[in-house]
Amino acid sequence: MNYQSEALTASDVIDKRGTPWGGIDAEAVVRMRLQNRFRSGLDIAKYTAKIMREDMAAYDADPAAYTQSLGCWHGFIGQQKLIAIKKHFGTTKRKYLYLSGWMVAALRSDFGPLPDQSMHEKTSVPALIEELYTFLKQADARELGLLFHDLDHARDSGNAVEAQRLMHAIDNHETHVVPIIADIDAGFGNAEATYLLAKKMIEAGACALQIENQVSDEKQCGHQDGKVTVPHEDFLAKIRACRYAFLEMGVDDGIIVSRTDSLGAGLTKQIAFTREPGDVGDRYNSFLDCEEVTAETVANGDVVLVQGGKFTRPKRLPSNLYQFRSDTGEDRCVLDCITSLQNGADLLWIETEKPHIEQIAGMVDRIREVIPNAKLVYNNSPSFNWTLNFRQQVYDTWAASGREVAAYDRGRLMSADYDATDLAIEADEKIRTFQKEAAARAGIFHHLITLPTYHTAALSTDNLAKAYFGEEGMLGYVAGVQRKEIREGIACVKHQNMSGSDIGDDHKEYFAGEAALKAGGAHNTMNQFAA
């Protein structure tokens, strides 16, 4: 949108209305339009889906072009993240948001804090998507408002060169609105329930939906025990439901992230329906932990399968769940991923128990034998003890190569006693480069941390509470928070401006002219932060 041409267009519209519209300023109209670039969530979903598709193509051409996100549980957190990204890197390119069902359950449910078991209200997920984008759009409005004020000042001072620079900056303003990968859990019910929720999430602005192959009524956090998967046809129905929702809403480029929890899931609720040997249902059933039976050894209530021409009895627990063989997790993951991509999914998510590049790469290599451009979204999870995992990986590598490890106790490598050692330094370097190396070796297009802002909120609050309620008193806040905000250029140090006070003042002036009662006058204490 070109500022000057839009101003001329708005002026023509106003002039045609004559005297009754004489109090409407064309330039103010253009400013308000620029500050409201996205009129609906569907506008956002279409815009961000295009970005993701372009990023996926760029990654296919060069794995160094991987993308990243951090999980956010409140609109303000997402907003501050994007403001920080623009401040530090000058662009939001290849930086997304992640909406974690875990954090919705733990922090946004009307029931109060809940475990990640799909017990929270499904409506809280699209509500958070809408909230995140409301705050991101407000970040646009605030940043543009500051540019408008600078433009007015340049004009008033007769600085035509600066005014032209600012006009160019306004015309080329980069929005804070970025793709959100949104967690729809296991679909919150059957395929129809998945479809209905998917529509709400897309309407709120989601261009990418992440859905997992657990049973919706027994869903567990991916890093806890007791996970139960569903047969492929059940899961594929939900993938198709998500695709239908995207297409119905006109988001033809919508992205579906198919997540498999099979690596850590040892149970299934159903035996898959199969039509013929070797079909996907038969392959699913082939992973069941079965024992051969005869007519004499079959007991009352047993379920019996024919596998390879033999009668077999799958192991069934008192919960009526069936058990997989313990050595089948990776094979099941590979089959899940191939089947999902062959039936409409765009990206994969393999939930692992540790961050180990070669473990992930081993599965991706097998998937790519069938689908060469398969790529992953990967959870750089806070559920992993990253320090311990990588120190143990280095320890094992050293030991296998014959390097001396007698100075290290593998079981207590988390100890701060090792922080300055060569082993810990090498492990930290592997953590630092993990995303880059995994993108190149293991097909990871998108790296995310699911729950980072849950932990940062707790950590920063703990630090402030310790200082403020202790001997430091008010200095605990001033030195630990405000002084750092000022010196590090944290935008929300001017919290009135961040909350929209200046935008409101601009609108008051548009609406009432000189009669506007504005909050940003000489006695506003935020002026103390001008320097």
Side-chain angles (χ1 to χ4, degrees), residues 45 49 98-102 104-105 116-126 129 180-204 206-222 227-249 251-265 267-274 279-281 283-284 321 332-351 371 374 376-377 379:
Y98 178 66
L99 185 152
S100 161
W102 193 102
V104 172
D116 183 21
Q117 296 173 351
S118 292
M119 294 188 290
H120 55 283
E121 309 86 352
K122 64 174 70 176
T123 53
S124 58
V125 182
I129 297 169
I180 289 178
I181 297 176
D183 187 356
I184 197 171
D185 277 27
F188 287 87
N190 61 15
E192 175 70 7
T194 302
Y195 154 77
L196 293 171
L197 178 56
K199 282 210 307 179
K200 289 296 183 183
M201 293 169 71
I202 296 162
E203 286 176 339
C207 72
L209 303 178
Q210 169 227 323
I211 186 164
E212 60 202 70
N213 69 334
Q214 291 191 50
V215 292
S216 58
D217 59 337
E218 296 280 359
K219 189 255 188 230
Q220 295 278 16
C221 171
K227 293 182 289 296
V228 182
T229 63
V230 298
H232 293 91
E233 288 298 343
D234 294 40
F235 184 56
L236 296 177
K238 292 186 177 183
I239 287 179
R240 286 190 287 271
C242 290
R243 182 62 66 203
Y244 272 108
F246 274 124
L247 293 173
E248 179 183 338
M249 304 311 293
V251 185
D252 296 348
D253 285 339
I255 290 96
I256 299 171
V257 182
S258 170
R259 169 174 153 176
T260 172
D261 280 282
S262 290
L263 197 61
L267 303 169
T268 183
K269 196 166 188 178
Q270 297 165 266
I271 294 174
F273 176 76
T274 174
D279 66 14
V280 71
R283 294 177 71 186
Y284 186 82
L321 300 172
R332 285 184 281 126
C333 278
V334 170
L335 180 60
D336 293 343
C337 291
I338 292 171
T339 305
S340 293
L341 292 176
Q342 289 174 333
N343 288 272
D346 302 289
L347 294 168
L348 303 170
W349 174 320
I350 299 175
E351 193 76 314
I371 302 172
L376 268 61
V377 171
N379 178 7

Legend entry - Donor-acceptor pair between S100 and D183 side chains, under 3.5 angstrom: no
Nearest heavy atoms of [X] and [Y], plus distance in Å:
{"X": "P231", "Y": "A272", "answer": "CB-CB, 3.7 Å"}
{"X": "G281", "Y": "T274", "answer": "C-CB, 4.0 Å"}
{"X": "A345", "Y": "I239", "answer": "N-CG2, 4.0 Å"}

State, with a plain yes or no, whether a side-chain heavy atom of [X] is found less than 4.5 Å away from one of [Y].
{"X": "L263", "Y": "E351", "value": "no"}
{"X": "D336", "Y": "N213", "value": "yes"}
{"X": "T194", "Y": "N190", "value": "no"}
{"X": "D252", "Y": "L247", "value": "yes"}
{"X": "L348", "Y": "L341", "value": "yes"}
{"X": "R243", "Y": "D346", "value": "yes"}
{"X": "V125", "Y": "H120", "value": "yes"}
{"X": "I211", "Y": "V257", "value": "no"}

Separation between [atom1] of [X] and [atom2] of [Y], rounded to the nearest 0.5 Å:
{"X": "I180", "Y": "Y98", "atom1": "CD1", "atom2": "OH", "answer": "12.0 Å"}
{"X": "M201", "Y": "T123", "atom1": "CE", "atom2": "OG1", "answer": "12.0 Å"}
{"X": "E212", "Y": "S262", "atom1": "CD", "atom2": "OG", "answer": "11.0 Å"}
{"X": "I181", "Y": "L347", "atom1": "CD1", "atom2": "CG", "answer": "7.0 Å"}
{"X": "C242", "Y": "I255", "atom1": "SG", "atom2": "CD1", "answer": "12.5 Å"}
{"X": "L197", "Y": "E192", "atom1": "CG", "atom2": "CD", "answer": "11.5 Å"}

Inset, instruction - For the pair S258 and W349, evaluate side-chain contact (heavy atoms from CB on, under 4.5 Å) and give the outcome as yes or no after the intermediate values. - result: CA-CA 6 Å; S258 170; W349 174 320; over 6 Å; no
Legend entry - Stepwise side-chain contact (heavy atoms from CB on, under 4.5 Å) test for V228 and Q214: CA-CA 5 Å; V228 182; Q214 291 191 50; 5.9 Å; no
Inset, instruction - Evaluate the ring planes of H232 and Y284, with Trp represented by its six-membered ring, and classify them as parallel (under 30°), tilted (30 to 60°) or perpendicular (over 60°). - result: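 Ring orientation of H232 relative to Y284: perpendicular.
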Inset, instruction - Could you walk me through whether C337 and T260 pass the side-chain contact (heavy atoms from CB on, under 4.5 Å) test, one step at a time? - result: CA-CA 7 Å; C337 291; T260 172; 3.9 Å; yes
Inset, instruction - Determine yes or no for a side-chain-to-main-chain donor-acceptor pair under 3.5 angstrom, with R259 supplying the side chain and A186 the backbone. - result: no
Legend entry - K238, R240, E248 screened by side chain to side chain donor-acceptor pair (under 3.5 Å) with Y195, the one that passes: E248
Inset, instruction - Given side-chain contact (heavy atoms from CB on, under 4.5 Å), test K269 with V230 step by step and report yes or no. - result: CA-CA 7 Å; K269 196 166 188 178; V230 298; 5.9 Å; no
Inset, instruction - May I ask you to check whether over 12 heavy atoms, not counting those of K122, lie within 6.0 Å of atom NZ? - result: yes
